[in-house]
Amino acid sequence: MVIRRFAAALLLVLATMVLTAIPATASGVAKPTIVLVHGAFADSSGWRDVAANLTARGYPVQTFDNPLRGPRHDSTQLKRQLAAIPGPIVLVGHSYGGAVITNTHDPDVVANVYIAAFAPEQGEFVQGLLNPLTFPGSRILPPALQLKVVDDPTGIGGKNIDGYIGQPYFHDVFAQDVSSADAADMFAHQKSAALVANLEPSGAPSWRTVPSWYLLSQHDRVIPPASQRFMSSRAAPGRTTETNASHASLVSRPTEVTDIVVTAAQATSR
């Protein structure tokens with residue numbers, strides 16, 4: 001009798017451990033891990049509210065500390081992080097982060113989500129998609145865009161030339177719809193980006209084979225809305241939403257960003 005009771009108790013404990021170890025939706029399907037990829041002139045702290053919203057909805061969330069060295073290098077680093085994630089993955093890229101997820105090919109990625117992001121075709125490069133003759137309106141130009149020499153093992157002789165947005169211009173150019181306090185915090189967390197990252201041709205786009213969604217910022221002063229419409233029409237036809245936001249929609253409109261990520265996750269649940 002004692003042995004039988006012990007065996008029954010042990011089975012109950014093991015069953016509980018198995019059930020709690022498997023993240024699942026109400027239908028029993030495992031929820032994908034959401035990986036948030038920041039772009040240039042930012043770091044992962046910009047995802048703070050979106051990450052909190054997704055966690056509250058039961059999604060495992062990771063951020064990627066984007067090196068901002070170039071799509072080929074950065075996507076390679078991202079794939080190393082993805083290799084350690086079990087189960088399905090939804091990649092979310094903001095700004096230049098979109099170029100990185102476009103160049104990331106991983107069999108566990110079930111959806112891409114672009115947030116005011118670059119979604120280049122093969123051979124295109126970031127600077128070309130900001131061509132003022134084709135897509136006027138970007139304010140990522142001097143004097144707002146400023147340069148500095150940085151130590152960089154990926155650069156020639158261990159050095160590189162990086163671009164960043166100068167403090168007097170950051171709020172108005174990058175995030176005009178957030179508070180002054182939030183803009184100051186974002187500026188303090190700004191990461192510079194290698195200029196060569198803007199000139200490197202993109203590889204075969206993952207959005208050719210991975211279902212993709214796009215949230216377009218209608219008042220973007222970094223990537224002109226016309227450029228976003230052009231890219232989203234190829235990468236996410238029928239899955240593009242527009243929002244009344246600046247380039248920094250992940251900070252100013254975190255609920256809308258969360259909603260489109262959840263939409264992609266639910267639509268591609270295995």
Side-chain angles (χ1 to χ4, degrees), residues 23 31-69 71 74-106 108-119 174-175 178 182 185-186 189-191 193 197 206-207 210-217 220 222-223 235-236 239 241 243 245-269:
K31 286 189 174 182
T33 297
I34 313 298
V35 180
L36 305 171
V37 182
H38 71 80
F41 320 126
D43 72 359
S44 292
S45 66
W47 292 113
R48 188 181 300 118
D49 291 342
V50 173
N53 289 347
L54 289 167
T55 300
R57 298 195 193 187
Y59 287 91
V61 178
Q62 292 189 17
T63 57
F64 172 62
D65 187 17
N66 197 344
L68 307 177
R69 300 299 93 192
D74 299 342
S75 63
T76 297
Q77 299 304 309
L78 175 58
K79 282 185 280 189
R80 289 176 181 170
Q81 180 169 328
L82 301 185
I85 299 174
I89 299 165
V90 173
L91 287 180
V92 185
H94 174 245
S95 193
Y96 164 79
V100 176
I101 70 173
T102 294
N103 283 270
T104 300
H105 299 272
D106 185 293
D108 290 327
V109 174
V110 296
N112 291 329
V113 183
Y114 294 87
I115 308 298
F118 291 100
F174 196 81
V178 308
D182 283 342
D185 182 65
M186 293 168 69
H189 285 90
Q190 177 180 193
K191 288 179 64 175
S206 60
W207 48 257
V210 176
S212 298
W213 280 256
Y214 199 110
L215 182 62
L216 184 154
S217 285
D220 201 313
V222 175
I223 307 177
R239 299 191 186 106
T241 304
T243 183
S246 71
H247 187 62
S249 57
L250 70 169
V251 177
S252 64
R253 300 288 189 277
T255 300
E256 291 181 49
V257 172
T258 302
D259 286 345
I260 196 169
V261 174
V262 171
T263 296
Q266 292 177 340
T268 54
S269 293

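Side chains are part of it too, since the values below use all heavy atoms of this structure and drop only hydrogens, waters and symmetry mates.
- Within the 3.5 Å criterion, the main-chain N or O of Arg57 finds a donor-acceptor partner in the side chain of Lys31.
- Scanning both residues, Ala116 and Asp220, for their nearest heavy atoms gives CB-OD2, 3.6 Å.
- Listed for the Ser217 side chain is a donor-acceptor partner under 3.5 Å among the backbone atoms of Ser246.
- Taking each heavy atom of Pro71 and Tyr96 in turn, the nearest pair found is N-OH, 3.1 Å.
- Using a cut-off of 4.0 Å between Lys/Arg side-chain N and Asp/Glu carboxylate O, Asp259 and Arg253 are scored as not salt-bridged.
- Here the side chain of Ser212 pairs a donor or acceptor atom with the backbone of Val210 at under 3.5 angstrom.
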- Task: Evaluate the side-chain contact (heavy atoms from CB on, under 4.5 Å) criterion for residues Val92 and Trp47: first the C-alpha distance (whole Å), next the side-chain angles of each, then the deciding distance (0.1 Å), finally the verdict.
- Result: CA-CA 10 Å; Val92 185; Trp47 292 113; 3.7 Å; yes
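- Distance check, rounded to the nearest 0.5 Å: OH of Tyr114 to CG of Leu216 gives 14.0 Å.
- The main-chain N or O of Thr63 is found under 3.5 Å from a side-chain atom of Gln81 such that the two form a donor-acceptor pair.
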Can you list, pair by pair, the side-chain donor-acceptor contacts under 3.5 Å of residues 35-46, counting residues two or more places apart and other chains?
residue : atom : partner : partner atom : Å
His38   : ND1  : Ala42   : O            : 3.4
His38   : NE2  : Asn66   : N            : 3.1
Asp43   : OD1  : Ser45   : N            : 2.9
Asp43   : OD1  : Ser45   : OG           : 2.5
Ser44   : OG   : Phe64   : O            : 3.3

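- Screening Val113, Asn112, Ile101, Thr33 against Val90 for a side-chain contact (heavy atoms from CB on, under 4.5 Å) leaves a single residue, Val113.
- With contacts defined as side-chain heavy-atom distances shorter than 4.5 Å, the pair Leu91/Leu78 qualifies.
- In plain terms, the two heavy atoms of Leu54 and Ile34 that are nearest each other are CD1-CG2, 3.8 Å.
- Nearest heavy-atom pair, Asn53 versus Pro254, reported as atom, atom and distance to 0.1 Å: ND2-O, 3.7 Å.
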- Task: Kindly indicate, with the supporting measurements, whether the criterion side-chain contact (heavy atoms from CB on, under 4.5 Å) is fulfilled by Val251 and Asp49.
- Result: CA-CA 7 Å; Val251 177; Asp49 291 342; 5.7 Å; no
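- In this structure, the ring pair (Phe, Tyr, Trp, His ring centres under 6.0 Å) partners of His94, at least two apart in sequence or on a different chain, are His247.
- Closest approach of Trp207 to Ala119, counting heavy atoms only: NE1-O, 3.5 Å.
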- Would you sort out whether Tyr59 and Thr258 count as a side-chain contact (heavy atoms from CB on, under 4.5 Å), showing the intermediate values? CA-CA 11 Å; Tyr59 287 91; Thr258 302; over 6 Å; no
- Message: Applying side-chain contact (heavy atoms from CB on, under 4.5 Å) to Ser206 and Val109, what does each step give before you reach the verdict?
- Response: CA-CA 10 Å; Ser206 60; Val109 174; over 6 Å; no
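- Here the CG-NZ distance, from Asp108 to Lys79, works out to 13.5 Å after rounding to the nearest 0.5 Å.
- Between Ala117 and Gly93, the shortest heavy-atom distance links the atoms CB-O, 3.4 Å.
- The backbone N or O of Thr102 lies less than 3.5 Å from no partner atom in the side chain of Ser75, so there is not a single donor-acceptor pair.
- Rounding to the nearest 0.5 Å places CD1 of Ile89 at 4.5 Å from CG of Leu82.
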